[in-house]
Amino acid sequence: LSSSGCKMVESNGLGMGNLLVIALDQLQKELRIDKLSRPQKRMLLGVLVLGVPTGSYFLKNCVRRVRKEQKLLWTAVNVKSASAAVADEKKKKTAEASSTVVSKQKEGKEQKGRESKAAQVQTKGKGGKKRVAVDAVFFERLCKILKVCVPSLFSKEMLLVLTQGGLLVSRSILTDLIAEQEGACGSALINNRSDTFLRHMFKFTIVAIPAAVVNSGLKMFQKFIEVRFRERLGVFLHNKYLADRCYYQASTQVELPNIDQRLTEDVENFAASISELYNHTLKPFLDVVLFTRSLSKVMGYKTQAMLYGYYFFVALTLKSISPPLSLMQAQESGLSGNLRGAHHRLVSKTEEVAYNDPPAAMTEQLLLNKHLRTLLRYSSLTSFQKFLQQIADQFLVKYGASSVALSVYAIAVFIWEKKATGGNATAATQTNAKDYIRSMRLLQNTSKGAGDLILVYKRIAKLAGHTSRVAELLEEIEDMKDPKNREVNFYRTKGMPEVCLEPKRVAEVKILSQREQKEAMALKFDNVTICAPDGTALVKDLKFVLGSGKDSMLITGPNGSGKSSLVRVLAGLWPLAKGIITRPSQDKMFFLSQRPYLVSGSLRDQLMYPHPSQRLISTSSRHDKAITRKASRNAPLLRDRDLKDALGKVELGYLLERYHLDSICNWEETLSGGEKQRVAMARLLVHSPKFAILDECTSAVSADGEEKLYQILVDSGISFLSIAHRPGVRKYHKRILSFDGSLQGSGWSLET
């Protein structure tokens with residue numbers, strides 16, 4: 001305001017309307033609009049009337065094109081997800097059709113209910129739940145995850161949250177006290193009161209000590225909350241993910257990309273976002289409440305209502321122009337996971353790529369560059385949208401709020417406070433000098449707090465992106481744990497096969513009890529039908545019994561005839577289409593695959609696997625004692641001599657000349673393919689189960705070495721069911737089960 005305008009207000013006591021007129025008049029003078037001629041003013045008005053809508057139209061089209069390009073980038077990279085959606089739609093139609101057929105049958109009511117539930121499972125989460133936005137679904141998911149992070153009101157996490165809240169309250173109170181001391185120091189300087197100035201400076205210094213402690217404590221406890229939330233959520237996900245072989249389904253049967261990133265980076269980002277959101281939401285709210293109360297002594301609530309009215313308008317405006325931040329955050333995380341997955345595939349397949357390089361490396365380079373450039377292009381488009389949004393944020397929240405705050409304080413000084421002091425200019429000046437510094441400090445903190453509350457939607461949108469990825473993982477794991485959904489997930493491509501839709505179908509895997517295992521232990525297949533993931537029936541009505549005590553059976557057949565499929569069904573990796581399988585408990589059986597798994601650890605650890613090593617048990621957390629006891633149950637108690645004997649039997653005794661049992665090295669790189677399979681066979685001899693299931697576990701061993709291994713297996717007294725192709729191993733088996741792979745008839749024959 002000009003000095004003449006201020007004098008006019010002071011002398012005439014003008015109200016709000018006249019004050020606004022004076023402000024607009026002064027604005028014209030500052031912009032020199034009053035010196036323009038009438039045609040020039042008309043031209044300026046025309047430019048504003050036409051230019052603003054035209055610019056808005058082009059800017060809106062630009063943003064629309066940017067979002068369309070982002071959608072194309074996301075769809076092009078995630079072709080797998082799109083195909084999964086099509087498969088889900090096909091599966092839904094198949095389920096509906098099968099439900100109609102079954103409903104026509106008198107005895108098919110139970111099957112119809114199962115199919116309808118399967119259709120619900122297929123559609124659950126594929127539509128609305130996949131949408132990433134700050135809506136009711138987001139808050140439902142967030143509450144579910146927070147119940148995991150804060151399990152009870154008396155947990156350590158709740159104590160940390162309450163402590164952080166107490167520190168935030170203390171921070172706001174201390175800020176108010178500091179502002180009061182600053183105002184008193186300013187008043188003392190203006191009135192030339194040195195003793196008063198020193199006294200308030202001493203109080204300011206005293207208050208600054210706990211303020212420094214509280215500020216540091218806020219950062220420390222925010223990190224503590226993040227760490228505890230990450231631990232709770234990480235352990236919970238590990239418990240769910242590694243139970244009931246969900247990890248196998250997730251990697252082979254469920255369309256959920258970048259699971260490793262969801263379990264690590266997304267959990268970390270969620271914990272960081274939620275702890276940061278708590279700090280940046282409660283603190284601004286407390287600042288606004290406490291500072292509003294303090295400012296009311298100087299400005300009154302009526303004046304501050306104008307300021308909060310402006311904030312409400314800004315909040316509505318920013319919400320209407322905000323881009324879909326939560327969706328962009330989730331998709332950018334997905335693209336980052338794709339790039340990471342591409343690098344992981346190259347690391348795990350380096351030898352296969354190197355054999356055919358060139359041009360294999362150039363092909364991999366093209367793939368990596370494609371993922372990298374897609375991610376960076378998407379990130380650039382996101383940054384452009386954030387740039388446009390931040391222009392509005394900065395102007396309306398930062399600079400606009402400061403201008404409104406100063407104007408509100410000026411109104412209180414020029415109009416309402418003049419009435420309170422009865423027109424006494426000296427008294428008004430003394431009051432202003434006393435309260436100006438404190439009021440400005442409080443107004444700045446209030447404006448900052450209100451601005452943080454307005455911009456908290458950005459943090460919530462970012463949190464929504466991380467929440468959606470973690471929640472999708474949780475929901476998918478819960479879906480996989482349901483036995484009925486396991487069939488639906490397995491036959492995802494072509495839908496449920498006809499054999500699974502029969503009204504009186506029986507599909508059961510019976511585990512013998514301890515008493516039954518003592519009486520008569522056997523592995524039995526009774527009218528078993530095995531189907532491939534595409535619904536093709538590989539084997540029908542299979543019947544055989546494998547007894548305990550030196551019984552053996554060889555499975556032969558062409559590729560794709562169902563040999564490995566039988567092993568997967570027996571192990572519970574694939575669902576049983578039809579029939580009854582009776583088998584002993586897991587501790588009485590041992591499975592060896594064609595690709596043996598070597599753990600990270602010593603040579604002793606390789607032989608003791610799948611039980612944990614003593615080194616792992618001793619270094620595990622006390623919170624994992626229950627898992628340790630369960631994993632160590634039925635572990636063989638062996639001496640070093642027993643381990644050395646097992647290595648000698650499989651012709652790996654020379655390893656003990658290079659290493660000792662506790663030597664730690666990268667066994668995956670150190671041992672050849674045949675040596676790895678021999679280590680796996682030594683592992684089988686060490687555990688000495690009642691039954692062994694061998695899926696081409698000696699394919700990398702020489703023919704004569706393979707026969708020696710089978711002879712050792714026969715001498716050990718272990719009953720075994722094996723898959724092999726070399727004719728030399730037939731003599732070590734009592735029966736031969738042949739699969740013809742013709743997909744006609746039963747598809748199998750048994751020879752004794």
Side-chain angles (χ1 to χ4, degrees), residues 78 80-81 84-85 87-88 91-92 114 117-132 137-151 229-271 273-274 330 333-334 337-338 340-341 344 463-493 509 533 568 571-575 586 623-624 626-627 630-631:
N78 291 271
K80 189 176 181 181
S81 300
D88 288 332
K91 186 170 56 176
K92 179 181 176 182
R114 180 167 67 251
K117 290 182 179 180
Q120 292 177 4
V121 172
Q122 293 161 9
T123 55
K124 179 181 178 181
K126 307 303 180 186
K129 288 254 180 178
K130 284 291 184 181
R131 181 172 172 263
V132 182
V137 174
F138 159 68
F139 287 107
E140 178 186 348
R141 286 172 161 178
L142 181 61
C143 291
K144 183 178 180 180
I145 297 176
L146 287 179
K147 287 180 181 179
V148 176
C149 298
V150 186
F229 279 15
R230 185 181 179 187
E231 180 182 357
R232 284 281 188 184
L233 188 55
V235 171
F236 179 82
L237 284 171
H238 291 168
N239 184 38
K240 295 288 186 181
Y241 181 65
L242 295 173
D244 300 325
R245 296 189 174 97
C246 287
Y247 56 90
Y248 178 81
Q249 294 186 67
S251 61
T252 60
Q253 302 170 12
V254 177
E255 300 294 342
L256 193 65
N258 308 319
I259 296 179
D260 56 342
Q261 184 191 32
R262 294 174 186 263
L263 288 167
T264 53
E265 290 184 11
D266 288 336
V267 171
E268 179 184 2
N269 292 334
F270 171 83
S273 296
I274 193 67
S333 298
N338 291 339
R340 177 180 174 179
H344 178 72
L463 175 64
H466 299 311
T467 301
S468 68
R469 291 179 62 81
V470 176
E472 284 172 8
L473 177 60
L474 275 172
E475 292 163 2
E476 202 67 56
I477 290 176
E478 292 295 334
D479 180 76
M480 289 186 290
K481 292 176 73 67
D482 190 343
K484 296 178 181 178
N485 295 339
R486 297 187 69 175
E487 280 192 342
V488 175
N489 292 330
F490 181 75
Y491 299 112
R492 178 180 295 269
T493 306
V509 179
R568 295 188 183 105
L573 304 183
W574 284 14
Q586 187 68 24
H623 301 290
D624 295 330
I627 302 176
K630 189 174 181 180

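In this chain, residues are counted from 1 in sequence order.
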Working to the nearest 0.5 angstrom, can you tell me the gap between [X] [atom1] and [Y] [atom2]?
X	Y	atom1	atom2	result
His466	Glu265	NE2	CD	10.0 Å
Met480	Tyr247	CE	OH	12.0 Å
Gln249	Glu476	CD	CD	9.5 Å
Ile274	Asn269	CD1	CG	13.0 Å
Glu140	Ile145	CD	CD1	11.0 Å

At their closest point, which heavy atom of [X] faces which heavy atom of [Y], and how far apart are they?
X	Y	answer
Phe138	Thr467	CE1-OG1, 3.8 Å
Ser468	Gly465	OG-O, 2.7 Å
Asn239	Ala243	O-CB, 3.2 Å
Thr264	Arg340	OG1-NH1, 3.6 Å
Leu237	Val267	CD1-CG2, 3.5 Å
Leu233	Cys149	CB-SG, 4.3 Å

Query - Full working for side-chain contact (heavy atoms from CB on, under 4.5 Å) between Val150 and Phe229 - result: CA-CA 8 Å; Val150 186; Phe229 279 15; 3.7 Å; yes
Query - Test side-chain contact (heavy atoms from CB on, under 4.5 Å) applied to Glu478 and Lys240, step by step - result: CA-CA 8 Å; Glu478 292 295 334; Lys240 295 288 186 181; 3.5 Å; yes
Report task. Take Leu463 and Leu142, measure what side-chain contact (heavy atoms from CB on, under 4.5 Å) needs, and give me the verdict at the end. Result -> CA-CA 9 Å; Leu463 175 64; Leu142 181 61; 4.2 Å; yes
Query raised in the report: Taking Arg262 for the side chain and Arg469 for the main chain, is one N or O donor matched with an acceptor at less than 3.5 Å?
Result: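 Yes.
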Requested in this report: Look at the side chain of Ser273 and the backbone N and O of Phe270, then say whether any donor-acceptor pair between them is shorter than 3.5 Å.
Outcome: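 No, because the side chain of Ser273 does not come within donor-acceptor range (under 3.5 Å) of the backbone of Phe270.
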Query raised in the report: Would you find more than 12 non-hydrogen atoms of other residues, nucleotides or ligands less than 6.0 Å from Lys144 atom NZ?
Result: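 Atom NZ in Lys144 is crowded, with more than 12 foreign heavy atoms closer than 6.0 Å.
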